Student: 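Could you have a look at this structure, given as structure tokens, before my questions?
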Amino acid sequence: MNHSPEYLLQLLQRFIKHPKLISQLHSLVITSAHLLHNPNSPSHLKWKPTLFYNTLITAHHTSGFPHKALLLFTHMLASQVPPNSHTFPPLIKSASSSPSLGTSLHTQVIKRGVLCDPFVQTTFLVLYARNGSLVDARKVFDEIPLLCIVACNAMLHAFCTNGDMESAVSLFRGMPKRDVVSWTSIINGFAGNGEFGKAIQFFGKMMTHKDVLGCLVKPNEATYVSVLSSCANLDGKTALDCGKQVHGYVVANEVNLGVFVGTSLIDFYGKMGCLNYAVSVFNQMDSREVCTWNAMISSLASNGREKEAMDMFEDMKAEGRLRPNSITFVAVLTACARGRFVREGLDLFGSMSDVFGVVPIMEHYGCVIDLLGRAGHLGEATDIINNMPFQPDASVLGALLGACRIHGAIELGEEIGRRLLELQKPHCGQYVVLSSINAEKERWDHAADLRREMMEAGIQKIPAYSMVHLT
DNA sequence: TTAGGGTTAG
């Protein structure tokens, strides 16, 4: 078998995204270590050990083994193989969950004299932004001597994900050159900060205005996904029209209906109540991932087609390729609650952990309490709350309180309402529900007391309103 | 050989 360094390197580069092969190749590299460190190598091969380690580090990072990538770096240093600017970007990304490791790598970067490398700088910028250190990210950005579009886009994204849209837009306006990533970052930034209308406006501007270099910027799949997600989060005809228009672009431009775009379209149509469109997109997709099924099941569950949502879950399991995740169970349990499938819901909840390896979190408890509460099983719901492995939050208690109102359970409702009041910042919702429970049972004195308590706490009931959209 | 943007629940 040929174990020359060149051959191993070729193998590594070829199979860089195959985790199983990577560990085999790593073993081969270890057994061929003497080849890497041959002091008699000709001078044109001296850089090979560095390239070797760089490739292995990248391979482990991209295959989802960040710890191994970092371990390899220590081997590299121990073997006195000098790291270069290519070594650090994958290492910095592998250290993203540990700020202290990030600092150590920063020290190494300075020691190896590659601090001014734009790739290294941009990776640090992204790392600091991910850890929420916008000041540090900005500092790195300001120290980049020759700014390129990639570094600017990374800074745009840093501002957006840390909620500073003003700085993001200001930087965007000042950029000498922009591309589809710059535009998509801003659109997604507005969406991420809840300003969906502005996200849609920005998309409209992108589609109709020439950019700084006098050209129209063509959206890609990421852009469509961002704008569809914004449309899905808004109500009204404008949002529906906009999303439909995006779907139109996708069809007209023969954009591949991949997992991201397809899932976003399903979610959009589901949230708009256009179930038939959602199902049609789902059926057209060649490839579906868990999130695709989740979006479809949620859409059916929240549009009165609970039985179909349950059937869809069965289809997903029958296909066998994908494992339901935490979100899948929120969607299916929601379907059970709304469809009054109490037995099925409880069985499913019971099997989550054992059969599917998904440990129930707060959202799942919320669904089950809703499931039992709607069906009037208030005692069972209370038992589950009292035996939860963690303290129930407002959504779980709120689900039970809502059920108490529906079923006129005054005492339990008062108890849960009080617990909610202790848990939450003052909010009129609980007071109003509590007060309504009492009023419905003609316990006017209690109802009046609660309303008074509410006013004293400085809370005013938000008046109900309805809106007519005029076009 | 190395750097930037995206989907599902609540």
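Just so you know, these numbers use all the heavy atoms, side chains as well, and skip hydrogens, waters and symmetry mates. From a predicted model like this one, the values you see are computed outputs, not experimental measurements. Every chain is numbered from 1 and lettered A, B, ... according to where its sequence line falls, protein lines coming before strand lines.
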Student: Is a donor from one side chain sitting under 3.5 angstrom from an acceptor on the other, for Asn283(A) and Ser280(A)?
Tutor: no
Student: Can a donor-acceptor pair be found between the side chains of Thr263(A) and Thr292(A) at a distance below 3.5 Å?
Tutor: yes
Student: Which nucleotide in the list dT1(B), dT7(B), dG5(B) gets nearest to the side chain of His86(A)?
Tutor: dT1(B)
Student: Quick one: Met285(A) CE to dT8(B) P, roughly how many Å, whole number?
Tutor: 13 Å
Student: Decide yes or no, distance alone: a donor-acceptor N/O pair under 3.5 angstrom between the base of dA3(B) and the side-chain of Thr122(A).
Tutor: yes
Student: What nucleotide among dG5(B), dG10(B), dT1(B) has an atom nearest to a side-chain atom of Thr334(A)?
Tutor: dG10(B)
Student: Do any side-chain nitrogens or oxygens of His364(A) fall under 4.0 Å of OP1 or OP2 in dG10(B)?
Tutor: no
Student: Would you mind telling me which of dT8(B), dG5(B), dT2(B) lies closest to the side-chain atoms of Asn294(A)?
Tutor: dT8(B)
Student: As a test of reading the structure: which of dT2(B), dG10(B), dG6(B) is closest to the side chain of Ala222(A), going by heavy atoms?
Tutor: dG6(B)
Student: Does Lys271(A) make a side-chain N or O approach to OP1 or OP2 of dA9(B) shorter than 4.0 Å?
Tutor: yes
Student: Is Asn188(A) near enough to dG6(B) that one of its side-chain N or O atoms lies under 4.0 angstrom from OP1 or OP2?
Tutor: yes
Student: Is there a residue in residues 193-202 of chain A whose heavy atoms reach under 4.0 Å of DNA chain B, and which residues are they?
Tutor: none
Student: Look at the rings of His106(A) and Phe124(A) and say which category their plane angle falls in: under 30° parallel, 30 to 60° tilted, over 60° perpendicular.
Tutor: parallel
Student: Looking only at side chains, do Asn294(A) and Asn325(A) share a donor and an acceptor under 3.5 Å apart?
Tutor: yes
Student: Can you give me every donor-acceptor pair (side chain of residues 244-251 of chain A, partner residue at least two apart or in another chain, under 3.5 Å) with its distance?
Tutor:
unit_1    : atom_1 : unit_2    : atom_2 : d
His247(A) : ND1    : Tyr269(A) : OH     : 2.8

Student: Testing the 3.5 Å rule here: is there a donor-acceptor pair between the side chains of Ser182(A) and Asp179(A)?
Tutor: yes
Student: Send over the distance from Ile361(A) CD1 to dG10(B) P, rounded to a whole Å.
Tutor: 11 Å
Student: Rounded to the nearest Å, what distance is computed from the CE atom of residue Met165(A) to the C1' atom of nucleotide dG5(B)?
Tutor: 13 Å
Student: Over all strands shown, is Pro118(A) touching base, sugar-phosphate only, or nothing at heavy-atom distances under 4.0 angstrom?
Tutor: base
Student: Please report the distance, rounded to the nearest Å, between CZ in Phe313(A) and P in dT8(B).
Tutor: 20 Å
Student: Rounded to whole angstrom units, what separation is found between the CD1 atom of Ile327(A) and the P atom of dT8(B)?
Tutor: 8 Å
Student: Rounded to the nearest Å, what distance is computed from the CG atom of residue Asn325(A) to the P atom of nucleotide dT8(B)?
Tutor: 13 Å
Student: Side chain of Val150(A): nearest nucleotide among dA3(B), dT1(B), dG6(B)?
Tutor: dA3(B)
Student: Would you classify Val126(A) as touching base, sugar-phosphate or nothing, given that sugar-phosphate means primed atoms plus P, OP1 and OP2, and contacts are heavy atoms under 4.0 Å?
Tutor: sugar-phosphate
Student: When you measure from the side chain of Thr263(A), which nucleotide among dT8(B), dT2(B), dG5(B) comes out closest?
Tutor: dT8(B)
Student: Please determine if Glu314(A) and Lys317(A) form a salt bridge, counting it only when a charged side-chain N lies under 4.0 Å from a carboxylate O.
Tutor: yes
Student: Is the base of dG5(B) touched by the side chain of Asp179(A) through a donor-acceptor pair closer than 3.5 angstrom?
Tutor: no
Student: Nearest to the side chain of Asp267(A), which nucleotide is it out of dG5(B), dT8(B), dT2(B)?
Tutor: dT8(B)
Student: Starting from P on dA3(B), measure out to CE on Met155(A) and report it in whole angstrom.
Tutor: 19 Å
Student: Among dG6(B), dG5(B), dA9(B), which nucleotide sits nearest the side chain of Ser298(A)?
Tutor: dA9(B)
Student: Scan the side chains in residues 131-147 of chain A for donor-acceptor partners under 3.5 Å anywhere in the protein, sequence neighbours excluded, and list what turns up.
Tutor:
unit_1    : atom_1 : unit_2    : atom_2 : d
Arg138(A) : NE     : Asp142(A) : OD1    : 3.3

Student: Nearest whole angstrom, please: distance from the C1' of dA3(B) to the CG of Asp117(A).
Tutor: 9 Å
